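For reference, the structure is listed below as structure tokens.
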2 protein chains.
Amino acid sequence: MLSGMAWNTDETKRRLKEAAVVEFAAHGLDGTTMERIARQAGINKERLYTYFGDKAQLFATVLADELNKVAAAVPLDNLYGPEAVAAYAAAVYDYHAEHPELTRLLLWEGLHHLGEVPDEASRTDYYRTKVAAFAEAQRANLISDEIPAADLAFLVLALAGWWYAVPQMARMMHADDAATPDTARQALMRAATKLATPKA
Amino acid sequence: MLSGMAWNTDETKRRLKEAAVVEFAAHGLDGTTMERIARQAGINKERLYTYFGDKAQLFATVLADELNKVAAAVPLDNLYGPEAVAAYAAAVYDYHAEHPELTRLLLWEGLHHLGEVPDEASRTDYYRTKVAAFAEAQRANLISDEIPAADLAFLVLALAGWWYAVPQMARMMHADDAATPDTARQALMRAATKLATPKA
DNA sequence: TCCAACTCCAACGATGGCGTTGGAAATTAC
DNA sequence: GTAATTTCCAACGCCATCGTTGGAGTTGGA
């Protein structure tokens, strides 16, 4: 900080977390160094420890923040039909396109924690509301009930998330033909629609 | 080695690679130590460097090996219809269930290499044969052509792979209800069938 | 003006892991 | 039997990173 400036704890924390998201998403828990996070934020490393605890705790904090953001940004109101499912899938896809950190953080986490995960209870609640929305739409005969609601919701997220999970595979499978994010998005929406459409 | 035993280079290499698969799959490139691989194999660390180069090269070697195995174990002959697509998805799912290392290695790799990937050319070939099989079935009107072949093949793999990519999500979404690998498999097959079934 | 509390940071100790080396044990060639 | 070659390993140098500490700068209240 420059001399003469007032302390600004919140801003310091925000800058540290911002830098932490970038570093953790890029390099994972093990590949990230506390020193790099601090340097990128222009703050001393020691602040990380006093504010957030050790590296694992910082990772958990950062991921929880990002999950809250996506929960707020991509609501799932009412699934009036297969098109709404497709729209939801596309919204998830778009959010990840604009915030590629989230998927990567989730994947790093999934690879690390074989058993329980931090904040498991509240996160379970969150996912269950999504599942409940699918179940409701199934009961109302608005979407197909061939696949159990939990599985259907999960697989819709799979369609949206797989592009970011294994980008190397996406690239190689679409080798020569024009593979823009836009055609991917279209394919995703068609697929989601098909999954949710009741059998004729 | 015990005294009196003959040298057995190939066996040494095999044991090292076997241990490397386990360690890399569990902890990733950064989380794995060469010393632990060697200890688990009961071989000296130095052998890793003379046989396989540095840690990154060892990782690439090990992943290439596993990809060859899955390519041999899960063929994709002819997609005579939507049921064949479902069967293929299930075969991929089953293979991963028995060899959970492969998905994890792929995910670690995807997170590390943002650009090119080792062995990119031959792997592209491999994926393209899969895509070609889907394209062929589409031309013969055996499966739906609403979704481009490359995307369809990719999304079928998404359905099969997502369970292993984000197991924490799978667990949380299926919180109370009985979520056995078997019900997941059924949901997966139904979903794959729906994706591949032509519009009525 | 002085003091207590808070915010910050440069520097440090300790540890752990990468990749190497010098040499011992086993094998092969002659 | 001996020299050359190959397989193996214990021990090492080196460097990066974790998490801490002692102290300096800043603020607000009495």
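The chains referred to below are lettered A, B, ... by the order of the sequence lines, with proteins before strands, and numbering in each begins at 1. All values derive from a computational prediction rather than experimental measurement.
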Separation of B:K45 atom NZ from C:dG19 atom P, in whole Å? 9 Å

Are there over 12 heavy-atom neighbours, none belonging to B:R190, within less than 6.0 Å of that residue's CZ? no

Nearest-Å distance, NZ (A:K55) to P (C:dG16)? 14 Å

Would you please name every residue forming a side-chain contact (heavy atoms from CB on, under 4.5 Å) with A:A187, sequence neighbours left out? B:I147, B:D151

Quick check: on DNA chain D, is the nucleotide nearest A:N44 upstream (toward 5') of the one nearest A:R36, or the reverse? Name the residue that is more 5'. A:R36

Using atom CZ of B:R39 as one end and atom C1' of C:dG16 as the other, report the distance to the nearest whole Å. 12 Å

Atom CZ of A:F52 and atom P of D:dG19: how far apart are they, to the nearest Å? 15 Å

A:E101 with A:R104: basic N within carboxylate O range, under 4.0 Å: no

Mind calculating the distance between CG (B:L29) and P (C:dC18) to the nearest angstrom? 9 Å

Which heavy atom in A:R128 sits nearest to a heavy atom in B:M173, and how many Å separate them? NH1-O, 2.6 Å

For B:Q57 and C:dG19, give me the distance from atom CD to atom C1', rounded to whole Å. 12 Å

Please report the distance, rounded to the nearest Å, between CD in A:E35 and P in D:dC15. 17 Å

Separation of C:dA10 atom P from A:I43 atom CD1, nearest Å, is 11 Å

